**Q** 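Please see the structure below; I have some questions.
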Amino acid sequence: MPTPNTTKSDKAKNNNQSNITKLKGTQDIRNDQYYQFQGMFEKAQEISEYYGFKPIETPTIERASTYQKAIGENTDIVEKEMYKFSVKGSDSIALRPEYTAGIVRAYIEDGMVSEPQPIMLYSYGPTFRHEKPQLGRYREFRQFNLEILGSDKAVADALVIKTVYDILTDFGFKELIIDINSMGDTENRQPYIKDLSSYYKKLSPSLCKNCQERIKTNPLRLLDCKEPECQEFKAKAPQIINYLSPDARKHFKDVLKFLEEMEIPFRINNTLVRGQDYYKRTVFEVIQVHLDEENNEKELTICGGGRYDLSKHMGQKKEIPSVGAAMSFERIVMMPDCQKMNPRIIKNPKFYFIQLGFEAKLKSLHIIDILRHAKIPVHQNLSKDSLGAQLALASELNIPYALIFGQKEAMEGNVILRDMKKHEQEIIKIENLCEYIKKIK
Ligand code: ATP
Ligand code: MG
């Protein structure tokens with residue numbers, strides 16, 4: 001911060017410095033972290049494809065109203081977290097705070113409704129929420145998202161849960177448990193909301209400011225509050241499970257039967273309502289149980305989802321019974337259980353390609369191209385010129401063989417193959433190079 005004595009040039013310097021920093025809660029992702037996310041996506045994609053999901057990528061920007069109507073005006077996401085702007089008098093635009101609403105918009109707009117049902121989709125990409133940045137909580141984060149649209153069957157709920165459970169298990173997580181609840185049907189929820197409001201009205205002076213508001217604006221969100229002073233009241237609050245219609249009760253029981261059958265550990269959490277207004281019937285979170293530094297058991301939500309129907313929000317007459325889930329890779333990767341994952345394209349090259357002198361450099365890209373076609377990856381450094389420096393880099397990386405291409409070799413059409421451990425080398429004709437080094441184990 002400039003002090004009162006700061007000069008004009010100091011101020012300019014400070015301004016320049018603050019202009020070249022990334023925004024709070026965002027990250028530059030490169031090298032290992034980039035590969036890790038790519039590896040995680042490939043794994044998640046593979047499992048989803050096995051279960052029958054197909055890819056969809058919707059725009060990062062949508063009409064803000066698409067999310068406002070779907071997620072609900074009095075939710076944290078819409079009220080506090082959604083990035084909203086308008087350009088040159090356009091409608092209000094939002095950076096996607098989640099995938100679901102945009103995917104339902106695409107389902108209707110692209111006519112997926114007339115294709116064989118259900119439509120099963122997975123997506124992966126950046127999501128934006130203006131939250132207080134902290135461990136595992138960013139303002140831009142990458143979500144992997146699943147949706148099954150056009151099925152009201154319990155097996156669809158179970159399939160979404162099974163898919164995310166398998167993905168997380170393959171990422172390396174062991175102590176996973178599904179917190180699950182049923183929120184019943186929106187149209188039958190009024191008696192519950194009434195009882196919940198009158199329960200909380202009596203407690204109003206002891207509640208946080210937000211919750212005092214929520215009693216009037218959106219009582220269900222009272223159960224979603226994260227403030228410590230509001231936690232104790234949840235336990236004695238009326239439970240939605242006692243208000244379910246027979247159909248909703250049966251649906252919930254069926255989902256639990258599937259989980260039992262698949263031996264997925266779960267526990268019924270009567271106060272779980274989740275942060276979006278659109279949920280009906282099943283809501284769930286995948287919880288990771290772990291020990292903190294003081295050996296206390298801690299729980300972290302790494303994935304969440306549930307059943308919903310956005311047909312009315314999107315002006316449709318026909319119901320669109322759907323179920324989905326989302327997880328962010330940022331939240332997952334910080335957990336010690338998460339394994340290191342490499343994308344398929346990343347090979348560990350066994351060869352370090354060394355070029356010496358201008359003639360060799362001229363032809364070196366040609367040789368790398370020949371090797372690429374033969375699927376032989378190499379390490380190289382374009383800016384180092386000396387043999388010693390390049391050999392040192394190869395040793396540092398623990399690469400067993402060097403391919404040395406100097407002035408003489410360029411003229412004669414040869415490459416030197418050097419065994420880095422044995423310090424032995426041999427000369428190989430370029431045309432025989434691929435065939436020869438492919439035999440090296
Ligand atoms: P939380 O209770 O942690 O705020 P949420 O209920 O808002 O989560 P959802 O909207 O269900 O989260 O999003 C699904 C998943 O996306 C979460 O389980 C979490 O893995 C991830 N997620 C949500 N917000 C963030 C964030 N700000 N940064 C990183 N990951 C996030
Ligand atoms: Mg949140």
Side-chain angles (χ1 to χ4, degrees), residues 23-27 29 33 36-37 40-41 44 67-68 70-72 74-83 94-104 122-147 160-161 163-165 167-168 171 173 176-181 183 210 218 220-228 230-231 234 269 271-279 282-288 290 298-308 310 322-335 337-338:
L23 290 172
K24 238 177 158 183
T26 65
Q27 302 187 80
I29 292 169
Q33 193 185 6
Q36 174 72 19
F37 282 175
M40 289 166 76
F41 169 64
Y67 297 113
Q68 281 158 338
I71 299 171
N74 299 313
T75 56
D76 281 356
I77 297 180
V78 167
E79 224 169 40
K80 302 187 204 142
E81 299 167 2
M82 193 162 78
Y83 283 87
L95 292 182
R96 103 178 131 219
E98 57 141 42
Y99 268 99
T100 306
I103 289 176
V104 179
Y122 66 86
S123 312
Y124 172 61
T127 320
F128 305 85
R129 293 186 193 175
H130 192 264
E131 300 196 66
K132 198 168 160 226
Q134 51 193 282
L135 194 67
R137 195 174 288 286
Y138 293 87
R139 290 185 172 168
E140 181 184 25
F141 52 100
R142 272 135 278 267
Q143 268 195 346
F144 186 79
N145 186 84
L146 295 173
E147 308 288 351
V160 167
I161 296 174
T163 311
V164 293
Y165 187 78
I167 291 171
L168 290 165
F171 284 174
F173 289 95
L176 293 176
I177 188 154
I178 311 293
D179 253 18
I180 192 163
N181 194 19
M183 296 181 61
N210 261 338
N218 197 344
L220 261 186
R221 296 270 75 79
L222 286 155
L223 296 173
D224 210 26
C225 180
K226 307 268 186 326
E227 296 302 325
C230 298
Q231 299 311 308
K234 282 189 199 175
N269 177 347
T271 58
L272 183 66
V273 291
R274 311 227 352 94
Q276 292 87 334
D277 277 353
Y278 51 60
Y279 286 118
T282 318
V283 281
F284 70 90
E285 288 185 345
V286 186
I287 313 281
Q288 213 269 332
H290 60 278
K298 278 260 148 61
E299 295 187 354
L300 186 80
T301 304
I302 48 178
C303 174
R307 177 161 280 287
Y308 62 91
L310 287 181
S322 315
V323 53
M327 63 179 90
S328 84
F329 286 179
E330 280 81 355
R331 179 83 53 95
I332 289 164
V333 88
M334 67 179 206
M335 306 296 297
D337 275 0
C338 185

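FYI, side chains are in, hydrogens and waters are out, and symmetry mates aren't considered; it's all heavy atoms of this structure. Because the structure is predicted, anything quoted here is derived from the model rather than measured. When a ligand or atom number is given, it counts from 1 through the structure's own listing order.
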**Q** Out of R129, E98, R137, who is nearest to atom 23 (C) of ligand 1 when you count heavy atoms only?
**A**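 It is R129 that holds the nearest heavy atom.
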**Q** Side chain, backbone, both or neither: which applies to K226 and ligand 1 if a contact is any heavy-atom pair less than 4.0 Å apart?
**A**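 The answer is the side chain.
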**Q** Does R331, backbone or side chain, put an N or O under 3.5 Å from an N or O of ligand 1?
**A**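 Yes; at least one N/O pair falls below 3.5 Å.
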**Q** Quick check on contacts: which atoms of ligand 1 are under 4.0 angstrom from a heavy atom of G304?
**A**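 Under 4.0 Å from G304, ligand 1 has these atoms: 18 (O).
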**Q** What about F41 and F329, are their ring centers closer than 6.0 Å?
**A**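 Ring centroids of F41 and F329 are no less than 6.0 Å from each other.
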**Q** Can you report which non-hydrogen protein atom sits closest to atom 6 (O) of ligand 1, along with the distance?
**A**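 Residue, atom and distance for the closest contact: R274 NH1, 3.4 Å.
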**Q** I'd like to check the salt bridge (Lys or Arg N to Asp or Glu O under 4.0 Å) partners of R274; sequence neighbours left out, ordered by chain and number.
**A**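 Per chain and number, R274 pairs via salt bridge (Lys or Arg N to Asp or Glu O under 4.0 Å) with E285.
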**Q** Would you say atom 8 (O) of ligand 1 makes contact with the protein, given that contact here means a non-hydrogen protein atom less than 4.0 Å away?
**A**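 Under 4.0 Å from atom 8 (O) of ligand 1, zero protein heavy atoms found.
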**Q** Can you list the ligand 1 atoms lying under 4.0 Å from a non-hydrogen atom of G136?
**A**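 Ligand 1 atoms under the 4.0 Å threshold to G136: 28 (N), 29 (C), 30 (N).
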**Q** With rounding to the nearest 0.5 angstrom, report the CG to CG distance, D277 to D224.
**A**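 Rounded to the nearest 0.5 Å, the CG-CG separation comes out at 9.5 Å.
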**Q** Is there a polar contact between ligand 1 and Q143, counting only N or O atoms under 3.5 Å apart?
**A**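 Yes, Q143 has an N/O under 3.5 Å of an N/O on ligand 1.
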**Q** May I ask you to list the atoms of ligand 1 that are less than 4.0 angstrom from any heavy atom of Y138?
**A**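 This gives 26 (C), 27 (N), 28 (N), 29 (C) as the contact atoms.
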**Q** Between CD of E147 and OH of Y99, what distance do you get to the nearest 0.5 Å?
**A**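 Spacing of CD (E147) from OH (Y99) equals 11.0 Å.
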**Q** Identify the protein heavy atom lying closest to atom 30 (N) of ligand 1, giving its residue, its atom name and the separation to 0.1 Å.
**A**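 Protein heavy atom with the smallest distance to atom 30 (N) of ligand 1: S328 OG, 2.7 Å.
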**Q** If I take atom CD1 from residue I287 and atom CD1 from residue I177, how far apart are they, to the nearest 0.5 angstrom?
**A**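 It is 8.5 Å, given to the nearest 0.5 Å.
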**Q** Using the side chain to side chain contact (heavy atoms under 4.5 Å, CB included) criterion, which residues pair with K24? Sequence neighbours excluded.
**A**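 In terms of side chain to side chain contact (heavy atoms under 4.5 Å, CB included), with neighbours along the sequence ignored, K24 is linked to P133, R139.
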**Q** Indicate yes or no for a side-chain donor-acceptor contact from R96 to the backbone of P126 under 3.5 Å, with no hydrogens or angles considered.
**A**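 Answer holds: yes.
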**Q** Just by distance, no angles: are the side chains of N210 and E227 close enough, under 3.5 Å, to form a donor-acceptor pair?
**A**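 E227 and N210 do not have a side-chain donor-acceptor pair below 3.5 Å.
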**Q** How far is atom 15 (C) of ligand 1 from its nearest protein heavy atom, and which residue and atom name does that atom have?
**A**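 Of the protein heavy atoms, A326 O, 3.5 Å lies nearest.
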**Q** Output the list of atoms in ligand 1 that are nearer than 4.0 Å to some heavy atom of C303, sorted by atom number.
**A**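 Reading through ligand 1 atom by atom, the close ones are 18 (O).
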**Q** In terms of atom number and element, which parts of ligand 1 are under 4.0 angstrom from non-hydrogen atoms of Q276?
**A**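 Once the distances to Q276 are compared, the set is 10 (O).
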**Q** So, D179 versus N269: side-chain donor-acceptor pair below 3.5 Å or not?
**A**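 N269 and D179 do have a side-chain donor-acceptor pair below 3.5 Å.
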**Q** Can you tell me how far CZ of F284 sits from OH of Y279, rounded to the nearest 0.5 angstrom?
**A**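 Answer for the OH-CZ pair, Y279 versus F284, is 7.5 Å.
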**Q** Does ligand 1 have a heavy atom under 4.0 Å from the side chain of R139, from its backbone, from both, or from neither?
**A**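 Answer for R139: neither.
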**Q** For E131, counting its heavy atoms only, list the atoms of ligand 1 lying under 4.0 Å from any of them.
**A**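 Those atoms are 24 (N), 25 (C), 26 (C), 27 (N).
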**Q** Is the shortest N/O to N/O distance between I302 and ligand 1 below 3.5 Å?
**A**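 N/O-N/O distance under 3.5 Å: yes.
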